[in-house]
Amino acid sequence: MPTQIAFKGVHKSYASRGVVLQNVSFTVRPGEHVGVVGENGAGKSTLLRLIAGVEAPDEGQVTVTGNLGYLSQTLDLPTDWTVSDAIDAALAELRAMGRRLRELEHLLSTASPADGAGAADNALLTEYGELLSAYELRGGYEADVRVDKAIHALSLAHITRERTLGSLSGGEQARLRLACLVAAAPEVMVLDEPTNHLDEAALTWLEDRLREHRGTIVVVCHDRVFLERVATAILEVDGDRRTVVRYGDGYAGFLAEKAAARQRWEQAYARWCDEIAHLSRYAATTARRVAPGRPMKDRNKPAYDRDAERVASSVASRVRNAQERLRRLRENPVPRPPDPLRFQARFTGAAQGRIELSQVAVGTRLAVEHFEVSPGDRILIFGPNGAGKSTLLRLCAGQITPDRGVVTRDGVIGYLPQEIPARNDARPLVAAFGAGLPGTIEEHTDRLLSLGLFRPEDLRMPVGRLSAGQRRRLALAALLVRRVDLLLLDEPTNHISLALVEELEEALDSYPGGLVVVSHDRRFRARFSGVQYELRAGRLVV
């Protein structure tokens, strides 16, 4: 099979972060639409910069064939350029191809058979045919129309072509660059979080356009609906192991292989436990069970003694073999698979976990006449960025006080904020996890490892060095081991791996306490069982 992108033994590190990718090898075939997933800080953007040629590997080789367009998470155009300049730059290659086609058409139309330039004409015809195929494959004739459609679909129609990029908001700049790249339709499209700043209609439009793209796509995205619709394969960047693992059959194949790997792990652990138990019993009982007090025959004591020595020697040999096998098994144990995630509710006999907001306001960000959470309620809140969702949850959690109005609450409340800032905290991870919990450091270690959120070698890492994804997992672990009446979760699917997102959803489904969750995740919202509120400009709408 031909290869569009190839990594061979690639290493990449930074002075500030250390090793990010180590001995990474994979290939992407022409026409594949590959989703890149992993926790924040795992190295997904690094992987894309290597593909785009923005950075070079420290070791190994990155090979990319075909013209490439790259959408990064940062603005890479001069702020004094106009919108028109940005469009012209994006379409420059297509327009150059169009000009060359017209030149070739003119040369071929004016060539005379009497000139004796048959070989030259053939060369022109070959160039024209190849260029025309490439131009049509990229939709060169419709490029300007695609720009206009993209600008409208991404809610940029109000922006004139004379506006400078510096006068646009960050979201508008990101959407403009996305519109230009989709219109340019490069053979290889590399996109870093293109779904940021898009509403649901724009997301659907982008998904449809990328599904139609006949070239190769490599896209970093956390949106599961997007991955289900667009990706034909998945690359998972594992920040803990600094590796990249490829999964076929799109997002469904990724989930299926994750589930199969979990099942293989459980089976291997069960076999290891069974063999340990069997060998332990064998070594302890074999000597007692073999030829106990065998009667002497024919009064032949020398022969009897020789047989007894032979039996004893055989027994001792088998016991030694069993003990040696036990030693090797215990030196190389199969680790116990982590327990499924489960949130624990308190049961005190009285219904608790109640919150009520009455005539509450926080500046101009939030104005709520009445909002009540009763014990056991399940409520989801969604809305655009800046609508006040995080402010509402912080009010409910008691993290901030209102400028006016009354907030009442009872019971034990567990709160997961949307952003967990990095702190200059030298405590080991396991010590931060165990803060406020009864038990020894060994008990905290066993408890944390049983959740499957961290590896043993992570537990001594200083909290101040944790990535955004690790900080999120630490906060989640602290919630999982405490009994609470009501969970307040602000964008719980952010910054964690997609496999963990699926497990988290199952844990929330089985949680018997109250739940108020803020989420923009389309798949999470579609599966949510409970009442949904939309927050518009600081006001709740059922």
Side-chain angles (χ1 to χ4, degrees), residues 238 240-241 243 245 255-344 428-431 433-434 437-461 473 477 480-483 497 499-500 502-503 506-507 510:
D238 188 328
D240 292 332
R241 294 172 177 80
T243 59
V245 182
L255 291 181
E257 178 53 34
K258 283 288 187 181
R262 166 75 188 212
Q263 186 176 30
R264 290 193 296 269
W265 186 358
E266 291 173 345
Q267 291 170 345
Y269 179 71
R271 287 194 299 269
W272 181 83
C273 290
D274 289 345
E275 192 166 3
I276 287 284
H278 169 72
L279 289 172
S280 298
R281 288 193 304 270
Y282 182 85
T285 62
T286 296
R288 293 196 298 272
R289 287 190 288 107
V290 176
R294 190 166 49 89
M296 187 187 304
K297 293 182 181 180
D298 303 325
R299 299 180 181 275
N300 189 345
K301 189 174 187 308
Y304 179 86
D305 290 341
R306 285 196 302 273
D307 288 345
E309 290 174 4
R310 214 166 30 246
V311 169
S313 175
S314 175
V315 169
S317 175
R318 280 178 281 171
V319 169
R320 283 196 301 271
N321 289 340
Q323 289 172 337
E324 175 61 19
R325 174 65 178 155
L326 265 175
R327 185 188 63 79
R328 291 198 299 267
L329 284 171
R330 286 171 174 155
E331 283 183 353
N332 299 283
V334 175
R336 181 175 179 268
D339 299 327
L341 297 185
R342 288 292 180 269
F343 291 98
Q344 304 177 72
L429 187 157
V430 69
F433 167 76
L437 289 175
T440 64
I441 192 70
E442 290 77 14
E443 290 170 330
H444 297 329
T445 297
D446 292 342
R447 205 169 188 185
L448 182 53
L449 290 177
S450 73
L451 300 174
L453 300 176
F454 294 96
R455 299 177 301 163
E457 54 265 39
D458 297 330
L459 303 192
R460 301 297 173 188
M461 185 184 299
R473 279 184 276 157
L480 288 165
V481 297
R482 288 166 169 82
R483 293 186 178 274
S497 68
L500 184 56
E502 298 283 342
E503 193 172 346
E506 293 183 13
S510 63

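We use all heavy atoms of the structure for the numbers below, so side chains are in, but hydrogens, waters and symmetry mates are not.
Taking Arg241 as the reference, Asp238 meet the salt bridge (Lys or Arg N to Asp or Glu O under 4.0 Å) condition, with sequence neighbours excluded. When the salt bridge (Lys or Arg N to Asp or Glu O under 4.0 Å) test is applied to Glu502, the partners found at least two apart in sequence or on another chain are Arg224, Arg527.
The two residues His444 and Pro438 come nearest to each other via the heavy atoms CE1-O, 3.2 Å. Taking both residues in full, the closest heavy atoms of Pro335 and Tyr269 are given as O-CD1, 3.6 Å, listed atom of the first, atom of the second, then distance. Closest approach of Leu448 to Val430, counting heavy atoms only: CD2-CA, 4.4 Å. The two residues Ser450 and Arg447 come nearest to each other via the heavy atoms OG-O, 2.6 Å. Annotation for Pro338 and Gly452: closest pair CB-CA, 3.3 Å, computed over non-hydrogen atoms. Of all non-hydrogen atoms in Phe433 and Ala477, the two that sit nearest each other are CE1-O, 3.6 Å.
Atom-to-atom distance recorded for Tyr282:OH and Gln323:CD is 11.0 Å, nearest 0.5 angstrom. For the atom pair Arg336 CZ and Glu266 CD, the distance stands at 10.0 Å (nearest 0.5 Å). Once rounded to the nearest 0.5 Å, the distance linking CZ of Arg325 with CD1 of Ile276 reads 8.5 Å.
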Exercise. Checking side-chain contact (heavy atoms from CB on, under 4.5 Å) for the pair Leu449/Leu459: CA distance, chi angles, key distance, verdict?
Worked result: CA-CA 9 Å; Leu449 290 177; Leu459 303 192; 3.8 Å; yes
Problem set entry | Criterion salt bridge (Lys or Arg N to Asp or Glu O under 4.0 Å) on Glu275 and Arg271, from CA distance to verdict | CA-CA 6 Å; Glu275 192 166 3; Arg271 287 194 299 269; over 6 Å; no
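A heavy-atom distance below 4.5 Å is found between the side chains of Trp265 and Val334. Counting heavy atoms from C-beta on, the side chains of Arg342 and Leu480 never come closer than 4.5 Å. A heavy-atom distance below 4.5 Å is found between the side chains of Leu500 and Arg473. You'll find the side chain of Leu451 reaches within 4.5 Å of the side chain of Val481, heavy atoms only. The side-chain heavy atoms of Glu503 and Ser497, taken from C-beta on, include no pair separated by under 4.5 Å. Considering only heavy atoms from C-beta on, Glu506 stays 4.5 Å or farther from Leu341 through its side chain. With contacts defined as side-chain heavy-atom distances shorter than 4.5 Å, the pair Ser280/Leu326 qualifies.
Salt-bridge formation is detected for the pair Arg327/Glu331: a Lys NZ or Arg NE/NH1/NH2 atom is positioned less than 4.0 Å from an Asp or Glu carboxylate oxygen. Salt-bridge check for Arg320 with Glu324: failed, with every basic side-chain N at 4.0 Å or more from each acidic carboxylate O.
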